[in-house]
Amino acid sequence: SQVNERRDMSMYTFVFYYENGMTNLFEHIERVSFTDGPELTGQQILDYRYRLNTEYHLYSKDSSFTVGYRNLVYVEVHKED
């Protein structure tokens with residue numbers, strides 16, 4: 001049935017931490033892709049083992065962001081309530 005095929009539209013918050021102490025926060029992210037990797041949605045976003053050597057392409061309902069990886073130390077991902 002269509003109810004069972006509904007996509008997981010959970011939203012996620014990403015926090016990028018850089019060597020110089022700067023952080024970048026992106027909220028309400030529904031989809032993630034990479035320059036040279038998979039496209040992620042739903043629970044895949046939380047389960048994925050993120051790399052630090054690729055650009056991140058983040059998508060929310062109304063926005064999209066490209067995040068560089070230069071001097072990136074780590075990435076935090078939180079599922080929003």
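Position 1 is the first residue of the sequence, and the numbers go up from there.
Residue Met11 holds its CE atom at 15.5 Å from NE2 of His78, rounded to the nearest 0.5 Å. Interatomic distance, Tyr74 OH to Tyr50 OH, rounded to the nearest 0.5 Å: 15.5 Å. Once rounded to the nearest 0.5 Å, the distance linking CG of Leu46 with NZ of Lys79 reads 7.0 Å. In this structure, the separation between CG on Asn53 and OG1 on Thr35 is 10.0 Å, given to the nearest 0.5 Å.
Counting heavy atoms from C-beta on, the side chains of Val77 and Ile45 come closer than 4.5 Å. Side-chain atoms of Asp36 and Arg51, non-hydrogen and from C-beta on, do get closer than 4.5 Å to each other. With contacts defined as side-chain heavy-atom distances shorter than 4.5 Å, the pair Ser33/Tyr59 qualifies. Phe65 has its side chain within reach of Ile29: a pair of non-hydrogen atoms, C-beta onward, lies under 4.5 Å apart. Contact of the Tyr18 side chain with the Asn24 side chain is registered, since non-hydrogen atoms from C-beta on lie closer than 4.5 Å. In this structure, Leu25 and Thr23 have side chains that are not in contact, with every pair of non-hydrogen atoms separated by 4.5 Å or more. No side-chain heavy atom of Val15 sits less than 4.5 Å from a side-chain heavy atom of Val75.
A salt bridge links Arg31 with Glu39: the distance from a Lys NZ or Arg NE/NH1/NH2 to an Asp or Glu carboxylate oxygen falls below 4.0 Å.
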For this session: Might you work through the side-chain contact (heavy atoms from CB on, under 4.5 Å) test for Asn20 and Asn71, ending with a clear yes or no?
Result: CA-CA 8 Å; Asn20 63 2; Asn71 300 318; over 6 Å; no
Problem set entry | Check against side-chain contact (heavy atoms from CB on, under 4.5 Å), Leu72 and Tyr56 | CA-CA 11 Å; Leu72 183 61; Tyr56 288 69; 4.1 Å; yes
Exercise. Can Thr13 and Glu80 be said to form a side chain to side chain donor-acceptor pair (under 3.5 Å), step by step?
Worked result: CA-CA 7 Å; Thr13 296; Glu80 298 174 8; 2.7 Å; yes
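In the model, Glu76 has a side-chain atom that pairs as donor or acceptor with a side-chain atom of Tyr17 under 3.5 Å. Thr66 and His57 share a donor-acceptor pair across their side chains, judged by distance under 3.5 Å alone. Under 3.5 Å, the side chains of Glu30 and Ser60 contain no donor-acceptor pair of N or O atoms.
Across every non-hydrogen atom of Tyr48 and Pro38, the tightest pair is OH-CD, 3.6 Å.
Under a cut-off of 6.0 angstrom, the local environment of OH in Tyr69 is sparse, with at most 12 non-hydrogen atoms contributed by other residues, nucleotides or ligands.
Aromatic ring pairs are classed by plane angle as parallel below 30°, tilted from 30° to 60° and perpendicular above 60°; the pair Phe14 and Phe16 is parallel.
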